[in-house]
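Worksheet for the structure shown next.
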Amino acid sequence: MEAIKLYNTLSRSIESFSSIIPGKVGMYVCGPTVYGPPHLGHVRGPIVFDVFRRLLLKKGYQVRFVRNITDVGHLVGDADEGEDKLQKQARLEQIEPMEVAQAYTDSYNWVMDAMNVMRPSIEPKASGHIIEQIEMIQSIIEAGLAYESNGSVYFDVDAYQANHHYGKLSGRVLDDLMAGAGNASRELEGQSEKRSAHDFALWKKASPEHIMQWSSPWGKGFPGWHIECSAMSAKYLGSEFDIHGGGMDLLFPHHECEIAQSTAAHKHEPARYWMHHNMITINGQKMAKSLNNGIKVSELFEGNHPLLSRGFGPNTLRFFVLQAHYRSTLDFSQDALEASEKGLKRLLEAFKKLDELTPSAESTLDVDSVIRDLNQALLEDLNTPISIAQFFEIAKFINSAADNKAKLSAVDIQKLKDAVGEYFEGILGLQKTEQNDNHEVMDEIMQILIQLRGEAKQEKNYALSDAIRNRLKDKGIELMDSKEGTTWKRS
RNA sequence: GGUCGGAUGGCCGAGCGGCUAGGCAGAGGUCUGCAAAACCUUUUACACCGGUUCGAAUCCGGUUCCGACCUCCA
């Protein structure tokens with residue numbers, strides 16, 4: 001089996017990957033909190049980890065890929081202290097919290113499907129694993145590393161610190177955290193119940209008006225902010241599994257807390273490799289709700305956003321994401337999207353010619369080395385931009401051969417076809433055809449037809465103008481004339 | 001304030017000690033009824049100041065900017 005190298009946040013270095021059980025990989029990725037429509041930031045992680053999963057599969061591993069849905073427990077900012085995000089949204093929309101969660105889960109998965117991200121092997125919901133979370137909290141209490149206080153349960157960081165290193169993943173030092181805590185003006189709810197400011201909640205007591213609450217040994221409440229991932233990863237992948245992935249913004253406190261909780265409950269660390277992808281930025285800043293600079297995926301697809309003059313398809317978005325290395329920030333702009341779209345189009349046009357090439361007796365191009373580099377790049381910490389660069393080499397080969405400026409043998413042509421199938425489609429997960437259900441582009445086309453038909457009408461060439469209208473109608477598009485002009489719609 | 005990361009040509013983005021990254025845009029050419037596509041050629045780089053080295057975008061030190069995390073976040 002070829003060696004896969006990946007950057008492990010735990011060691012801050014690139015390591016050779018080896019699985020706990022030979023040939024099998026357990027992978028857990030933090031999924032979305034489903035309280036809002038999917039935005040651009042939701043897109044990068046799933047794509048990156050999807051490519052890594054596909055790489056593992058292609059290299060012969062059996063992979064169990066778990067990605068959770070968080071539908072409970074997270075609190076909103078200080079403006080809405082103590083109120084569950086889902087509850088808040090539900091109140092606004094006058095529907096059940098679970099209905100909100102379901103709707104956003106569906107739209108999230110719709111986006112994932114559109115981007116050709118494989119569905120997880122298991123997609124556990126936090127709300128469906130309350131018992132597991134309670135059990136895990138109990139074992140942490142039994143280990144003497146958590147305490148109950150006024151109906152809530154907190155993780156005792158100081159007690160844990162006696163025998164473990166809280167902060168080993170993120171490189172935090174407890175004293176620094178204290179220094180930082182003094183700086184934070186915001187007073188979190190229940191701070192006085194804690195023995196120490198850096199203790200974090202495993203279970204939170206719910207106020208009576210709190211809709212989402214469950215019975216527990218400590219009274220009615222809801223699980224803490226980090227316990228779900230620990231409980232669900234252990235349930236489906238075992239208390240020790242291979243890879244845990246997520247965004248860099250989750251490194252601290254979320255993943256740090258996961259390590260502490262799991263270690264407290266299971267006496268050993270949960271994951272061997274921690275993978276973190278970097279953020280998508282816009283004008284150099286990450287997209288965040290607090291900055292109000294997020295772009296919804298639907299807005300991107302439709303071009304319905306102040307920063308966009310037109311829409312871009314999901315395949316383009318996936319390509320755009322993979323043109324940057326996953327550990328670098330990726331700056332979003334219309335220009336960057338356009339460059340990706342054009343580049344992708346060039347690749348797809350070249351691939352189409354693959355079937356029409358007339359083979360030569362021998363090749364004048366080194367197909368093997370390009371494919372070798374392509375494979376090597378993916379094995380080296382998932383260097384997708386380099387692997388894509390090799391596909392541009394391949395496109396150049398194909399185009400040159402099509403122009404009779406180079407020769408490719410039948411064997412090499414087949415190798416290129418296989419590379420497109422195995423790597424471009426199989427691992428990078430890119431589609432060979434961009435389904436252009438793009439309203440902006442469609443509308444531009446329609447405006448041209450409408451204008452031509454208008455000119456025909458001016459010349460009283462009604463045979464032609466009617467022919468245009470009738471033939472469009474046959475294709476399911478209706479033209480409607482009015483004083484203000486002609487509009488169109490799908491009938 | 002603490003911790004960590006980054007500054008690459010008009011834009012996006014690789015590289016991390018010597019060898020063209022790549023894409024988009026720009027320029028010239030070939031082809032072409034015109035366009036487009038394609039092909040060939042080509043212009044713009046490594047924030048700044050020192051140091052190590054035969055050789056540095058790449059290593060070390062300093063400076064200046066920018067960002068992430070410390071709070072829900074992908």
Side-chain angles (χ1 to χ4, degrees), chain A residues 9 12 29-33 35-36 38-49 67 70 73-80 84-85 108 167 170-188 197-198 200 225 245-254 256 276-281 283-291 294 319-325 327-347 349-350 353 373 377 383-393 395-396 398-406:
Chain A
T9 309
R12 292 174 186 266
V29 172
C30 290
T33 304
Y35 70 105
H39 63 88
L40 261 188
H42 285 120
V43 144
R44 193 174 190 184
I47 291 174
V48 165
F49 296 122
R67 188 180 63 216
T70 297
H74 285 250
L75 297 177
V76 293
D78 47 1
D80 305 286
D84 193 284
K85 272 179 186 172
Y108 179 80
S170 59
R172 304 286 154 148
V173 179
L174 218 46
D175 293 344
D176 297 335
L177 288 173
M178 293 300 281
N183 189 41
S185 54
R186 178 180 25 260
E187 185 60 23
L188 285 171
H198 46 236
F200 55 90
W225 307 290
M248 278 186 183
D249 51 348
L250 298 178
L251 225 161
F252 189 91
H254 186 60
E256 199 70 70
H276 293 276
H277 69 264
N278 218 134
M279 305 290 103
I280 290 181
T281 58
N283 297 321
Q285 279 196 312
K286 81 158 182 169
M287 286 186 191
K289 270 143 239 138
S290 52
L291 294 167
F319 186 74
F320 171 69
V321 166
L322 294 179
Q323 266 192 304
H325 185 76
R327 287 193 285 116
S328 301
T329 54
L330 172 59
D331 204 46
F332 173 88
S333 68
Q334 165 135 339
D335 284 349
L337 255 309
E338 271 176 8
S340 287
E341 187 182 58
K342 284 184 186 168
L344 175 62
K345 189 180 164 215
R346 208 171 127 219
L347 292 183
E349 291 296 323
K353 294 182 193 164
D373 290 351
N383 200 324
T384 55
I386 298 252
S387 70
I388 286 174
Q390 301 314 310
F391 274 110
F392 281 105
E393 270 315 292
K396 197 171 260 186
I398 296 167
N399 286 326
S400 298
D403 268 22
N404 294 316
K405 290 186 172 141

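In the text below, chain A, chain B and the rest are named by the order of the sequence lines, each starting its count at 1. Predicted, not measured: the structure shown is a model, and the values here were computed from it.
- With both ends at atom C1', the span from B:rC16 to B:rG29 equals 37 Å, rounded to whole Å.
- Considering all non-hydrogen atoms of both residues, A:G41 and A:M287 come closest at N-SD, 4.3 Å.
- Base pairing of B:rU42 is made with B:rG26, judged by Watson-Crick or G-U wobble geometry with both donor-acceptor distances under 3.5 Å.
- Distance, A:H42 NE2 to B:rC73 C1': 8 Å, rounded to whole Å.
- Remark: side-chain polar atoms of A:E256 are paired, donor with acceptor, to backbone N or O of A:S170 under 3.5 angstrom.
- When the side-chain nitrogen and oxygen atoms of A:N404 are compared with OP1 and OP2 of B:rA38, none of them lie within a distance under 4.0 Å.
- For the pair A:T33 and B:rA74, the criterion of a side-chain N or O lying under 4.0 Å from OP1 or OP2 is met.
- Nucleotides B:rU8 and B:rC46 place their P atoms 11 Å apart, quoted to the nearest Å.
- The distance from atom NE2 of A:H325 to atom C1' of B:rG13 is 12 Å, rounded to the nearest whole Å.
- A sub-4.0 Å separation between OP1 or OP2 of B:rA14 and a side-chain N or O of A:S328 is present.
- Evaluation of atom-type donor-acceptor distances gives no pair under 3.5 Å for the side chain of A:R172 against the base of B:rC4.
- Remark: A:R172 is positioned above the aromatic ring of A:F252, its terminal NZ or CZ atom under 6.0 angstrom from the ring centre and at most 45 degrees off the axis.
- Taking atom P on both nucleotides, B:rC73 is separated from B:rG50 by 47 Å, rounded to a whole Å.
- A gap of 23 Å separates the C1' atoms of B:rG9 and B:rG5, to the nearest Å.
- Picking from B:rC70, B:rG13, B:rA14 the nucleotide with the shortest atom distance to the side chain of A:F252 gives B:rC70.
- Remark: B:rA68 base-pairs with B:rU3. Criterion, Watson-Crick or G-U wobble with two distances under 3.5 Å.
- Contact annotation for A:I280: base contact, defined as any heavy-atom pair under 4.0 Å involving a base atom.
- Residue-level contact check: A:P253 touches the backbone only, with heavy atoms under 4.0 Å from sugar-phosphate atoms and none from bases.
- The shortest heavy-atom contact between A:M279 and A:M248 is CE-N, 3.5 Å.
- The 5' end of RNA chain B is approached more closely, in terms of each residue's nearest nucleotide, by A:R12 than by the other of A:R12 and A:N399.
- Residue A:H277 contributes atom NE2, which lies 18 Å from atom P of B:rG6 at whole-angstrom precision.
- A:T281 and A:D331 share a donor-acceptor pair across their side chains, judged by distance under 3.5 Å alone.
- Nearest heavy atom pair, residue A:N278 against residue A:S328, reads CB-O, 3.2 Å.
- The separation between A:F332 atom CZ and B:rA74 atom P is 18 Å, rounded to whole Å.
- Rounded to whole Å, atom P of B:rG2 lies 20 Å from atom CG of A:L251.
- Considering every non-hydrogen atom in both A:S340 and A:F320, the closest pair reads OG-CD1, 3.4 Å.
- Of the C1' atoms belonging to B:rC48 and B:rG6, the separation is 15 Å, rounded to the nearest Å.
- When heavy atoms are screened at a 4.0 angstrom cut-off, A:T329 is found touching the sugar-phosphate backbone but no base atom.
- For the pair A:N383/A:H325, a side-chain contact is recorded, criterion being any heavy-atom separation below 4.5 Å from C-beta on.
- If you take atom P in B:rC54 and the same atom in B:rC70, they sit 46 Å apart, rounded to whole Å.
- Rounded to a whole Å, the CH2 atom of A:W225 is 10 Å from the C1' atom of B:rU71.
- Separating the C1' atom of B:rC40 from that of B:rU53 is a span of 40 Å, rounded to the nearest Å.
- Between B:rA37 and B:rC4, the two P atoms lie 49 Å apart (nearest whole Å).
- If you check B:rC70, B:rA68, B:rC39 against the side chain of A:Q285, the one that comes closest is B:rA68.
- With B:rC70, B:rA74, B:rG13 as the candidates, the nucleotide lying closest to the side chain of A:L330 is B:rG13.
- Atom NZ in A:K353 sits 7.5 Å away from atom CD in A:E349 (nearest 0.5 Å).
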Report task. Assign a letter to each nucleotide of nucleotides 18-29 of chain B from its 5' end: B, base within under 4.0 Å of a protein heavy atom; S, sugar-phosphate only; -, no contact. Result -> ---BSBSS----
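- Rounded to an integer number of Å, the gap from NE2 of A:H276 to P of B:rC73 is 14 Å.
- Regarding A:M248, its CE atom lies at a distance of 10 Å from the C1' atom of B:rC4, rounded to whole Å.
- Pairing for B:rG50 goes to B:rC60, judged as Watson-Crick or G-U wobble with the two contacts each under 3.5 Å.
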